[in-house]
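Chain letters run A, B, ... following the sequence lines, proteins first, then strands; residues in each count from 1. For the numbers below, each heavy atom of this structure counts, side chains included, while hydrogens, waters and symmetry mates do not.
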There are 2 protein chains.
Amino acid sequence: MKRPTIHDVAAAAGVSRGTVSRLLNGDKYVSPAARAAIERAISETGYVVNRAARSLVTQRTGTVAMVMSEPHAKFFEDPNYSTLTRVAVRMLAERDMSLVMMLAGDEGDRERVVRYVRGGHADGVLLVSTHAGDPLVDALAAGPPAVSCGAVIGRETIIPYAATDERLGARQMAEYLVGQGRRRIAMITGPMDTPGGIQRLEGFADVLGRKASRKLIAHGDWTQASGERGMAELLARAPDLDAVFVASDLMAAGALAALRAAGRRVPDDVAVGGFDDSSVAVSTHPPLTTIRQPLAEVAQETIRLLLALIDGAGHVDPVVLPTELVIRESA
Amino acid sequence: MKRPTIHDVAAAAGVSRGTVSRLLNGDKYVSPAARAAIERAISETGYVVNRAARSLVTQRTGTVAMVMSEPHAKFFEDPNYSTLTRVAVRMLAERDMSLVMMLAGDEGDRERVVRYVRGGHADGVLLVSTHAGDPLVDALAAGPPAVSCGAVIGRETIIPYAATDERLGARQMAEYLVGQGRRRIAMITGPMDTPGGIQRLEGFADVLGRKASRKLIAHGDWTQASGERGMAELLARAPDLDAVFVASDLMAAGALAALRAAGRRVPDDVAVGGFDDSSVAVSTHPPLTTIRQPLAEVAQETIRLLLALIDGAGHVDPVVLPTELVIRESA
DNA sequence: TTGAAAGCGCTAACAA
DNA sequence: TTGTTAGCGCTTTCAA
C-alpha cells in the first residue's frame with residue numbers, strides 16, 4: 001500500500017488539501033472542528049509529510065550541512081565532533097530539521113560541498129575545524145548562512161562562530177604554574193594555523209611576558225608523538241625548565257613520556273599542564289592538571305547562531321565562553 | 001538571479017527537457033551532438049539538479065540515515081563513530097548520496113527516527129551500537145533496508161552487519177598471556193548487553209576453559225572508573241592473579257591505576273592486556289599490549305552491504321573481520 | 001533518438 | 001474560515 005498523501009488525509013477528514021496544509025504549517029485560520037477532523041485523519045492514515053514535495057515549493061530543505069575539515073590527527077580523538085554532532089542533531093530535530101555530514105578533505109570534496117550547498121540542498125552550513133585560508137569559506141559566501149564551531153582564522157568577521165576562550169584558558173594555566181612557584185616555564189603549542197595553536201600561545205605570553213622566550217617554546221601538531229618530540233627538544237634547549245604548559249592533553253601525554261625517559265619526576269622536577277580535559281587527562285600517570293572547555297555550551301551556541309541566521313537575523317555576534325582550570329596531580 | 005533549472009539547460013542546448021534528463025540519468029539514447037550541447041549548457045549555466053524535484057518523482061531520496069544509539073560513556077571516545085562517519089560519507093558521496101545523522105537516545109528520538117524513515121525520507125538505514133532488544137530495530141523492519149555496524153544482539157539474522165571478530169581478538173590476547181607463562185589470568189569485561197562485552201568474554205573463556213572461574217571475572221561499563229573498580233575487586237578476590245585481560249583500553253587505563261595503587265608492577269607482577277588499540281593505549285604507562293580492530297574495513301563493508309541492499313540485493317551475508325595482537329609493554 | 005506531456009505531493013495566492 | 005488552483009523541477013511513459 002502506498003504511503004498516504006495530504007490528499008488522503010483531506011478526503012478522510014472531509015476537508016480540502018489546502019486546509020490540511022494550513023494545519024500542518026501552523027496557520028491560524030483553521031476551525032476547531034476542521035482541526036479535530038484532520039488530526040484524527042492524520043493519525044488514522046499514518047500520514048507523514050513528504051519533505052521533497054514541500055521543499056520543492058518552499059525552496060527550503062530543512063537540512064543543515066555539517067562540513068568537517070580533517071586536518072591533524074586530532075580529528076580522530078576530538079570530542080568536539082561527537083559533542084557538536086549530538087547537540088546539533090538534537091537542536092535541529094526539535095525543529096524537524098536534519099543534519100547531513102559532509103567532508104571537506106580534498107579538492108574534490110570541497111567541490112562537492114559547494115555544489116551541494118549552492119545547489120540549494122541546505123538551509124545552512126555548519127563549519128568545523130576549518131583551516132585558515134580554506135577556499136571553501138569564500139566559495140560558500142554567496143550561499144545560505146554559515147557559522148563555525150570555533151573561529152575561522154582570518155575570517156572571524158565574516159563567519160559568525162561560538163568558541164572557547166582559548167586565550168583565557170592558557171592564561172589560567174600559566175598563572176597557576178607561576179602561582180605554584182615555577183620559574184622556568186616552557187610551552188608546547190599546537191599547529192600555528194589553528195585557533196588553539198595561536199591563542200593558547202597568546203594567553204601563555206600574556207602571563208609570562210618576556211619570560212616566554214623563543215627558547216622555551218616548541219611547536220607540536222596535536223599528536224602524542226609531537227608532544228614527546230617537543231618535550232625532548234625543550235629539555236635539550238633549556239635543561240633547567242621546571243614546568244611546561246602543553247596545548248593539548250594528548251601532546252601532554254607525549255611530554256610525560258619524554259620527561260620520564262629523561263628521568264625527570266612530575267610534578268616534583270617538572271610541572272606539566274595540559275589542555276582539553278579529555279579522557280587522556282585522567283589516564284596518564286600522574287593525571288593531568290588541565291583546562292576544561294565548555295564543549296556542549298559552545299556547540300549549543302553555535303547552532304543557536306545558525307538557526308537565528310536561518311530565521312532571517314541579518315547579523316549575529318560571535319560568542320566566546322570561558323574555560324576552567326582542573327587541578328589534578330601533574331602540576 | 002534564480003538557480004537554473006533543467007528547463008534553462010534544455011533551452012540553452014536547444015533540446016527538450018526530456019533529453020537533458022536522459023543525459024543526467026545515464027540513459028543511452030542520447031546522440032553525441034545532443035550530449036555535447038547539453039554538457040556545454042550545463043557548465044555555462046552552472047546547473048545543479050534539484051534533488052527534491054527528482055526525489056518527488058523517483059521516490060528515492062539519495063539519503064542514508066545513520067542512527068546512533070548512545071549507551072555507555074564509550075560513545076564519547078569511540079573511534080568507531082568518527083571512522084564510520086568518514087567512510088560512510090565518502091562512499092555515499094561517490095554515488096551522490098548523503099548521510100544524515102539521527103539520534104536514538106530516548107523514546108522521542110526513536111519515534112522521530114521511525115517517522116523519518118517510514119516517511120520515506122531515507123533510502124537506507126545505518127545502525128550503530130544498537131542495544132540488545134532495542135524496539136527501534138523491529139519498528140524499522142517494514143521500511144527501507146537497514147544494516148548495522150557491529151552485530152545487533154539477538155537480531156543477527158535480521159539485520160545484516162559487518163563487525164570485528166571480537167571473539168577471535170579475545171582469544172588472541174588470552175593465548176598470548178598464556179604463552180607468556182601467566183597462570184592466574186583474570187578478566188574485566190564490558191557490559192554484558194553489548195557484542196563487545198559478550199564476545200570478548202567468550203573468546204577469553206574459549207582459551208582459559210575452566211580456569212576462567214567466576215572469581216576471576218569482573219564486569220565493567222567501558223569507563224575508566226569501572227576498570228579501576230573492577231581491578232580493585234579482582235585484586236581483593238584473587239590476590240595471586242598474575243595477568244588481567246581488560247576488554248577495552250580505557251578500562252585498562254583504570255586497571256593500571258588500581259594496580260599501581262596496590263603496589264603491583266606491570267608487567268612484572270601483573271600483565272595487562274587491553275582491547276581496541278585506541279589512543280589511550282599509547283598514553284598509559286606502560287603502553288598497552290592490546291588488540292587492534294580493522295575499523296575502517298568494518299565501516300567499509302557495512303556501507304557496502306547497505307548499498308547492495310539499496311540496489312536491490314535481496315539478501316547479503318554478514319561480514320566478520322579478523323583482529324590483530326599489538327604487543328607493547330604492559331604484557 | 002527525441003519531444004510532448006502527465007504527474008510526483010505539496011504550499012500559497014486567490015477567490016469565495 | 002475554507003476550497004480551488006497554479007505551479008515548484010524533475011522523470012518517464014508514449015508517440016513520433
Legend entry - Boundaries of the chain A footprint along DNA chain C (any atom under 4.0 Å from a heavy atom): C/dG9 to C/dA13
Legend entry - Check: B/Thr45/B/Asp8 side-chain N/O donor and acceptor closer than 3.5 Å: no
Legend entry - Divergence of helical axes at both termini of the helix from C/dT1-D/dA16 to C/dA16-D/dT1 - five pairs an end, 10° steps: 30°
Legend entry - Salt bridge A/Asp311-A/Arg95, side-chain N to carboxylate O under 4.0 Å: yes
Legend entry - Expected output: side-chain B/Arg51 to main-chain A/His121 donor-acceptor under 3.5 Å: no
Legend entry - Short N-O contact, B/Arg155 and B/Asp134, less than 4.0 angstrom: no
Inset, instruction - Would you give a per-nucleotide map of nucleotides 8-16 of chain D, 5' to 3', where B means the base has a protein non-hydrogen atom under 4.0 Å away, S means only the sugar-phosphate does, and - means neither? - result: BBBBBB---
Inset, instruction - Sort out for me which residue in A/Asp317, A/Leu126, A/Val147 forms a side chain to side chain contact (heavy atoms under 4.5 Å, CB included) with A/Leu305. - result: A/Val147
Legend entry - Side-chain donor or acceptor of B/Arg112 paired with backbone N/O of A/Ala93 under 3.5 Å: yes
Legend entry - side-chain contact (heavy atoms from CB on, under 4.5 Å) evaluation trace for B/Met97 with B/Leu307: CA-CA 10 Å; B/Met97 295 181 72; B/Leu307 291 177; 4.2 Å; yes
Legend entry - N-O pairing of B/Arg90 and A/Asp109 below 4.0 Å: yes
Legend entry - Any donor-acceptor N or O pair under 3.5 Å, side chains B/Ser16, B/Thr19: yes
Legend entry - Backbone of B/Leu92 reached by a side-chain donor or acceptor of B/Glu94 within 3.5 Å: no
